[in-house]
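See structure below.
Values reported hereafter were calculated over all heavy atoms of this structure, with side chains retained and with hydrogens, waters and symmetry mates removed.
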Amino acid sequence: MVNTVKESGETSLSYNTVTFHPTSTAICMNSTYHEEYNEEFHLLDFHIIDESGRSIQHASGSRCRQVKKGLYLNEYTFFYDP
């Protein structure tokens, strides 16, 4: 769900937008976690399943990351097949 935050311990993931284009589907999200968890969370992988149960292929993506007061602040944009 868009505009939803999921938390687990000191880690949170916020789903910001899902945008449908003729050539792709874009998903933007943010995550935060403590520096000590860097090795566990810096390469998140997502699997998107459509309403028919089919896996949507990942096309590309980007991440912007900064460290502030011991927390990693990440902004992701992932592109999937339409």
Side-chain angles (χ1 to χ4, degrees):
M1 294 208 121
V2 176
N3 296 323
T4 301
V5 176
K6 300 290 184 179
E7 294 182 351
S8 177
E10 299 295 323
T11 303
S12 69
L13 185 62
S14 174
Y15 303 92
N16 299 327
T17 62
V18 176
T19 308
F20 300 99
H21 303 282
T23 58
S24 68
T25 297
I27 300 174
C28 298
M29 59 185 70
N30 297 334
S31 70
T32 59
Y33 50 84
H34 286 281
E35 283 183 290
E36 64 197 63
Y37 298 116
N38 181 43
E39 293 303 315
E40 296 176 43
F41 295 107
H42 78 284
L43 293 176
L44 295 174
D45 188 24
F46 299 91
H47 299 277
I48 307 300
I49 308 298
D50 72 7
E51 66 278 354
S52 299
R54 295 178 300 226
S55 179
I56 306 300
Q57 294 297 313
H58 179 252
S60 66
S62 65
R63 176 185 72 177
C64 177
R65 178 168 77 170
Q66 61 178 314
V67 180
K68 188 173 185 178
K69 296 183 181 179
L71 285 177
Y72 277 109
L73 308 171
N74 301 283
E75 294 181 16
Y76 304 95
T77 301
F78 296 109
F79 294 95
Y80 293 86
D81 288 347

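Both I56 and V2 are members of a single hydrophobic cluster when ILVMFWY side chains are connected at heavy-atom separations under 4.5 Å. Hydrophobic clustering of Ile, Leu, Val, Met, Phe, Trp and Tyr side chains at less than 4.5 Å, counting indirect connections, unites F78 with V18. Under the 4.5 Å side-chain heavy-atom criterion for ILVMFWY residues, no single connected hydrophobic cluster contains both M29 and L71. In the hydrophobic cluster analysis, where Ile, Leu, Val, Met, Phe, Trp and Tyr join through side-chain heavy atoms closer than 4.5 angstrom, V5 is grouped apart from L73.
Checked against ring pair (Phe, Tyr, Trp, His ring centres under 6.0 Å), Y80 has the following partners two or more places apart in sequence or in another chain: H58.
At least one side-chain heavy atom of F20 sits less than 4.5 Å from a side-chain heavy atom of T25. In this structure, I27 and I48 have side chains that are in contact, with non-hydrogen atoms separated by less than 4.5 Å.
Distance check, rounded to the nearest 0.5 Å: CG of L13 to OH of Y15 gives 4.0 Å. Going from atom NZ of K69 over to atom NE2 of H34 covers 13.0 Å, rounded to the nearest 0.5 Å. Here S14 contributes atom OG and E75 contributes atom CD; the two are 10.5 Å apart, rounded to the nearest 0.5 Å.
Residues S55 and I49 share a closest heavy-atom pair of CA-CD1, 3.9 Å. Minimum interatomic distance between S12 and E7 (heavy atoms only, all atoms of both residues): CB-CG, 3.7 Å.
Side-chain atoms of N74 and S31 include a donor-acceptor pair closer than 3.5 Å.
Among residues at least two apart or in separate chains, salt bridge (Lys or Arg N to Asp or Glu O under 4.0 Å) pairs with a member in residues 51-62 are D50-R54.
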